[in-house]
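All remarks here apply to the structure that follows.
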Protein chains: 2
Amino acid sequence: MTGTKARILDTALALFNRHGERNVTTNHIAEALGISPGNLYYHYRNKAAIVSALFDRYQERLLEWLPAPSGPLTWQDKMRYFEGILESMWQGRFLHRDLAHFLLQDPELRRRYKTFVAASLERGLSIYQGLRDSGLIAASDEELRGLLMNTWLLAASWPGFTHGLNPDAAGDENLDRALLRQGVYQIICLEAPYLRNEALDHLDAMKSEYRASAATVDLLFTDVSVAPGGE
Amino acid sequence: MTGTKARILDTALALFNRHGERNVTTNHIAEALGISPGNLYYHYRNKAAIVSALFDRYQERLLEWLPAPSGPLTWQDKMRYFEGILESMWQGRFLHRDLAHFLLQDPELRRRYKTFVAASLERGLSIYQGLRDSGLIAASDEELRGLLMNTWLLAASWPGFTHGLNPDAAGDENLDRALLRQGVYQIICLEAPYLRNEALDHLDAMKSEYRASAATVDLLFTDVSVAPGGE
DNA sequence: TGACCTCTAGAGTATTTACTCTAAAAATCC
DNA sequence: GGATTTTTAGAGTAAATACTCTAGAGGTCA
């Protein structure tokens, strides 16, 4: 039931994330799928169209993770938001990695991205205001805006940062997860000073739950000479 | 006195920052300089060597901005640090934009980058500890590390973020500066909760000094249809 | 069975681009 | 001023890659 069109997106996303969009040719995608280049171009008129479609999918999925609050929010809700954001950004990490290039080349995409960022930040603000109403955080609207902008930048750049430092780790599911969780930890650090009540009570527990081991963090900065043949 | 070798770097940096490394060919660089491709390749054996040299220069300049504290620090010192960091990252914004690709392609560069990031974070920690000794901030070492990581990510991604949303602004010196200062504002937001004493007294003043006007920020997210012929 | 439409194959191409090579100009040295 | 070395020009090339084009397979409906 999964049509060729969707399979192209899946494969392209996986290849882009692993090798970088720049290093993945349309022929590579077709080959990985076991289809012909002609077939690929039958479904997408060019490479940019694939990127554009992936961007749409990414955008939808991220906003799904950020439903406007309906009713009082708990600190568990907050953690779910964080996980969702980072999960989405992880899945679309190639996008943020090469975003600057796409935005420069494609004014239409740029337009969409602007409204997307603006919408996400608005959505985030309403969520944080909900958390404030629930007494879980204390901050002025201005502080929330600053916090949100920083959260966005952090979440958007974290996957690219870790993957850039440690591309060899790609495919190691455990390590991937650990690094992703460390990203949540960084976001926790960001908002920690504003937490109150139950959120504050659980701060330490959350920190230690999401923080990666020192060994894992070290792995980011120390030089791991890849064993030969370990591709 | 400025040799060809240095002029190549200057021109390449300017072109890379404006158009993205991916869109700038070695022939473009040579043409912009008014030299032949052969000449360019006489000085740098390939494009990656140019990027690598630019990276070295960037690295040196950033660390120059982050001298280890000798004696007690003031809040003015702190602001100078921030400005220096963002200034450096602005000048090398193409690097962070396309960093993932460079790191993936060049294991040697990756190694250097890892030690560079680690060194910068260490340096940053000693600076923050200096600020703590001066009573300007209050935070545990662990909090400082989290803060530093976030500061790094923020500073590294802010130039690319603004430029990506608004590439047409490139060349508008005033707008560039305003957006860069807004980056400092974001960093201020990051550390605001930890400030004490004089640093706290000047917080509001610093915020309003660095924050860009609402109109400028709006410009980031609203769609500016570029007037035709406005390249 | 035949007409029609969707989907696929795969060889092929036009273009871009990083880089080479040879020779000559310019600078330096004795 | 001649010899030698450094620097430059610029035409040219090999490889990569996004994309095209034609032909045909497979399904559907009459």
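Ion pairing between A:Arg80 and A:Glu87 fails under the 4.0 Å rule for side-chain N and carboxylate O. In summary, B:Asp176 and B:Arg93 do not engage in a salt bridge, as defined by a charged side-chain N under 4.0 Å from a carboxylate O.
Using a 4.5 Å cut-off on side-chain heavy atoms (C-beta onward), B:Thr115 and A:Phe221 make no contact. Contact of the A:Gln76 side chain with the A:Tyr81 side chain is not registered, since no non-hydrogen atoms from C-beta on lie closer than 4.5 Å.
Remark: P of D:dT17 and CG of A:Leu40 are 15 Å apart, rounded to the nearest angstrom. The distance from atom CD1 of B:Ile8 to atom P of D:dA9 is 10 Å, rounded to the nearest whole Å.
With the end axes of the helix from C:dT1-D:dA30 to C:dC30-D:dG1 each set by five pairs, the angle from one to the other reads 10° at 10° resolution.
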Which letters describe nucleotides 6-18 of chain C, given B = protein heavy atom under 4.0 Å from base, S = only from sugar-phosphate, - = neither?
SBBBB------SB

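B:Glu21 places no side-chain N or O within 3.5 Å of a backbone atom of B:Phe16 that could act as its donor or acceptor partner. Side-chain N or O atoms of B:Arg181 include one that pairs as donor or acceptor with a backbone N or O of B:Glu209 at under 3.5 Å.
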Derivation of the salt bridge (Lys or Arg N to Asp or Glu O under 4.0 Å) call for B:Arg111 and B:Glu108
CA-CA 5 Å; B:Arg111 201 187 53 72; B:Glu108 167 61 21; 3.0 Å; yes

Give the C-alpha distance, both sets of side-chain angles, the deciding distance and a yes or no for salt bridge (Lys or Arg N to Asp or Glu O under 4.0 Å) between A:Asp98 and B:Arg97.
CA-CA 7 Å; A:Asp98 298 325; B:Arg97 204 161 77 179; over 6 Å; no

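Checked by atom type, the side-chain pair B:Tyr128/B:Glu191 shows a donor-acceptor distance below 3.5 Å.
Of the residues in residues 92-100 of chain B, none has a non-hydrogen atom less than 4.0 angstrom from any atom of DNA chain C.
Relative ring orientation between A:Tyr113 and A:Trp152 is described as tilted, the plane-to-plane angle lying within the 30° to 60° band.
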